[in-house]
Engineer: 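Starting off with a structure, shown below.
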Amino acid sequence: MKYDFSAIEKKWQDKWDADGVFNATEDYSKPKFYGLVEFPYPSGAGMHVGHIKAYSGLEVISRKRRMQGYNVLFPIGFDAYGLPTENYAIKTGIHPRQVTDNNIAKFTSQLKRVGFSFDWNRVVDTTEEDYYKWTQWIFRKMFDEGLVFRATTLVNYCPSCKVVLSNEDSQGGKCDICHSDIIQKSKDVWYLRITEYADKLLQGLDKVDYLPNIKLQQENWIGRSEGAFANFAIAGTDDSLRIYTTRCDTMFGVTFMVIAPEHPIIEKYRDRITNFDALEAYKTECAKKTEFERTQLVKDKTGVRIEGLAAINPANGKEIPIYISDYVMMGYGTGAIMAVPAHDERDFDFAKKFGFDIIEFIKGGDISKEAYTGDGEMVNYDFLNGIKTKKEAIEKMLAYLGEKCVGEKGIQYKMKDWAFNRQRYWGEPIPIVHCDHCGMVGVPYEELPLRLPNVENFAPGEGGESPLAKIDSFVNCTCPKCGKPAKRETDTMPQWAGSSWYFLRYCDPHNADAFASKEALNYWLPVDWYNGGMEHVTRHLIYSRFWHRFLYDIGEVPVDEPYAKRTAQGLILGPDGDKMSKSKGNVVDPNDVVDKFGADVLRVYILFMGDYASAAPWNEDSVRGCKRFLDRVAGLCDMASGNGVTAKLESAFHKTIKKVSLDIEDMKFNTAIATLMSLINEIYDCGSLTNDELGIFVRLLCPFAPHLAEEIWETLGNKGLCTLAAWPEWDDAKTVDSTVEIAVQVSGKLKFTKEIPVDTSKDDAIALVKADERMAQYLEGKTIVKEISVPNKIVNIVVR
RNA sequence: GCGCUUGUGGCGGAAUUGGCAGACGCGCCAGACUUAGGAUCUGGUGUCCCCGACGUGCAGGUUCAAGUCCUGUCAAGCGCACCA
């Protein structure tokens, strides 16, 4: 058969579309499989081969599941709100709606060309009214439940994008969108109280099947820490400074305290403080630093002593000075710490800089060089003297603090509440009204969606206010509670809002009365398998678990964890081995590959190039190798005749069915394809095969190269589609040959191999080997010390 | 600094979990068919002092047997980053 890929691919894509073969059905009695891939952000650049790889894994698994008779939901959509589109719109003057529609059309055509088996009836677009209505609805529910609050705090701010960013959007001190340096700015912002869910998010990890490194990264991001709170009295007042520490055992070693420059105690005791101006100057200085500058100064600590204020160490009653320094942050713990120079690295650096004595309280290190944070015998420690472990000392100290009513056990998380508003146009309007009489009032549910007004100018204001603030007709409204004039919130939600629940909408995407029906949710949830990028592990994956868990708590979804299983694909690097990027000019466009080699070759190559979870560079020569493979597959048509089995190939086929079936489940697509290549080599060596065998081969190939598989399936005279044909099954008994080649070693060195009957007993195998004429030369003049035999593997005769 | 991951031919990568290292593909070499070949087919291809020895970043160790387990070490990548 001639392999005319462009004709074949068009033909079958049209056929699949016309028949709607990939549409999940509402027959809820069938066993289901819900495979989810991260829906793309429809950027102007179009898709690159990395997108194709991200979808190809579950594409193969979903296709296999369909052939196995499952009702498969394998949906796609577009996460279309966000800054790149808005920035492009500002630059070109084209409305973001128009830009988004163009980009979605482009992405859709690219995805269809590759032949993905997505359910195109269930496409969601987060920017459409009937979608974001429910994003706002969920937000309203959170507002009702007290998970939304407004506070003025130091926040991450991107001066280039002119927006407030969440902690998750500021990883590495860089803006997630434009990679500019983040600055800290005091702002009044909306928060989602995700920290209230920290423990639930942590515990939920125990029952899901995520790759270990994904779990670990989430655990680290949540960053649960067990320690103690303690109150240090402020000398001469009834007040106290509250600190958080994980090392309350070292409290006897506290020689000073440090608080964050923004700590409210400074303002409170302004009258007593004699160097207030110096403190203010330091605070201003700190605010100017970017995140990057702060981390560059790790060893070189700065700070100012608060003159006129002192604290009392509750452990020993000694008076100690208080400093402000930017190594203590307002956002973690209480914004105040007790400093133990000998046994904490940062306190050690600070003490060195400010000339404090460093006194050893725990033996074991050399505190003239560095802080010692390990276990050791306690000295100079009052009632803790002689104790050898932190654990024991912490318990004793907690009991002591409790007795004196100055402290107690406490838990802290690294994760911070989610700064949720963005001062931009292209996002979901936050459904809140500000009323002078009633405060913040939620927009009534029946008024949702709160529509994003059409504006002429989408650029943010210089003062950092949202473009919506300029639309009087949007801003001015009446309070839903008291009916008096009020003003709407003009900020919008962050890009992550829409993607936090999209997998729920796929279950029932056209529902006008609910985000999805209970029946649909009961049937489809949880997502059986979710694959996506590692970069989303501490962003989207945390956020969406949080939203889902919230919906579970208020009874809106039937399961507590949304994703039963999560895997991740590795990057495709450019041909030069670097990360693909427009600026390096090493981006591979899937359209070019499809034009030149066909969609099937693209699909096979992407999965063959290496371990699915690892990064691998693009190599066009290797693409050609995959083309050769499919050419050889097409060539099988001219070799096949008759029915039944070919004696020489029977066991090879059973072995291949088994290996391909199991490898797909393990996402070991590269070895699955390698196995098919080996089989085709064997078939060519054999010189012929039957039509039945070719039918098995193309069904195994179908998830990888569905167009060619369909074409051959049709030429074999089958009426239905290969895509819907039954997945082949193997017979374990037929995967075993009658003989097996074992390795023969003498004293652990391989000497030769020998063919013996399969499952020969250990003793018989040794006897057979010893009887082999080739053995004589190795045994002559030697004594046998030991004989080792592993059935079907190896015989090792140890001689001396 | 802390955490995680990975080091195997000229290249991408296999190796049933302690049992013949280098499957499969690329590249390369030789040959065949061709006016021609970035086409196709056949054979070969870890290294070397090539009847033998050496080989999975490096150095040790355990074992009859180590890419796989243990100890140390080096390198690269990813993540977090003054988290008290």
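Note on naming: letters A, B, ... go to the chains in the order of the sequence lines (proteins, then strands), and numbering restarts at 1 for each one.
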Engineer: In whole Å, what separates the P atom of B:rU71 from that of B:rA53?
Structural biologist: 33 Å

Engineer: Check every strand shown and say whether A:Ile788 touches a base, only sugar-phosphate, or nothing at a heavy-atom separation below 4.0 Å.
Structural biologist: base

Engineer: Please give the distance between the P atoms of B:rG52 and B:rG61 as a whole number of Å.
Structural biologist: 28 Å

Engineer: Taking the side chain of A:Ala616 as its heavy atoms from C-beta onward, which of B:rA84, B:rG12, B:rG38 lies nearest to it?
Structural biologist: B:rG12

Engineer: For residues 620-627 of chain A, run the donor-acceptor check on the side chains, cut-off 3.5 Å, and write out each pair with its distance to 0.1 Å, sequence neighbours left out.
Structural biologist:
from: A:Glu620; atom 1: OE2; to: A:Lys596; atom 2: NZ; distance (Å): 2.8
from: A:Glu620; atom 1: OE2; to: A:Arg624; atom 2: NH2; distance (Å): 3.4
from: A:Asp621; atom 1: OD1; to: A:Arg624; atom 2: NH1; distance (Å): 3.1
from: A:Lys627; atom 1: NZ; to: A:Asp631; atom 2: OD1; distance (Å): 3.1
from: A:Lys627; atom 1: NZ; to: A:Asp631; atom 2: OD2; distance (Å): 3.3

Engineer: Between side-chain atoms of residues 668-678 of chain A and protein atoms elsewhere (two or more places apart, or another chain), which donor-acceptor pairs fall under 3.5 Å?
Structural biologist:
from: A:Thr671; atom 1: OG1; to: A:Asp663; atom 2: OD2; distance (Å): 2.8
from: A:Thr671; atom 1: OG1; to: A:Lys668; atom 2: O; distance (Å): 3.1
from: A:Thr675; atom 1: OG1; to: A:Thr671; atom 2: O; distance (Å): 2.6
from: A:Ser678; atom 1: OG; to: A:Ala674; atom 2: O; distance (Å): 3.2

Engineer: Taking both distances under 3.5 Å as the test for a Watson-Crick or G-U pair, what stems of at least three pairs does RNA chain B have?
Structural biologist: B:1-7 with B:74-80, B:10-12 with B:24-26, B:27-32 with B:40-45, B:46-48 with B:52-54, B:57-61 with B:69-73

Engineer: Taking NZ from A:Lys749 and P from B:rU63, how many angstroms apart are they, rounded to a whole number?
Structural biologist: 17 Å

Engineer: OP1 or OP2 of B:rA84 versus the side-chain N and O atoms of A:Arg247: is any pair under 4.0 Å?
Structural biologist: no

Engineer: If only side-chain N and O atoms of A:Asn220 are considered, is one of them under 4.0 Å from the OP1 or OP2 phosphate oxygen of B:rA81?
Structural biologist: no

Engineer: Report yes if at least one side-chain N or O of A:Lys793 is closer than 4.0 Å to OP1 or OP2 of B:rG19; otherwise report no.
Structural biologist: no

Engineer: Checking one value: the base orientation of B:rG9, syn if chi is within 90 degrees of 0, otherwise anti.
Structural biologist: syn

Engineer: Closest approach to the side chain of A:Met677, judged atom by atom: which nucleotide of B:rG27, B:rC24, B:rA84 is it?
Structural biologist: B:rC24

Engineer: Could you measure between the two C1' atoms, the one in B:rC28 and the one in B:rU34, and give it in whole Å?
Structural biologist: 22 Å

Engineer: Any side-chain N or O of A:Tyr244 below 4.0 angstrom from OP1/OP2 of B:rA84?
Structural biologist: no

Engineer: Measure from the side chain of A:Thr671, starting at C-beta and using heavy atoms only, and say which of B:rA23, B:rA84, B:rG25 lies closest.
Structural biologist: B:rA23

Engineer: Among B:rG3, B:rA65, B:rG38, find the nucleotide with the atom closest to the side chain of A:Asn796.
Structural biologist: B:rA65

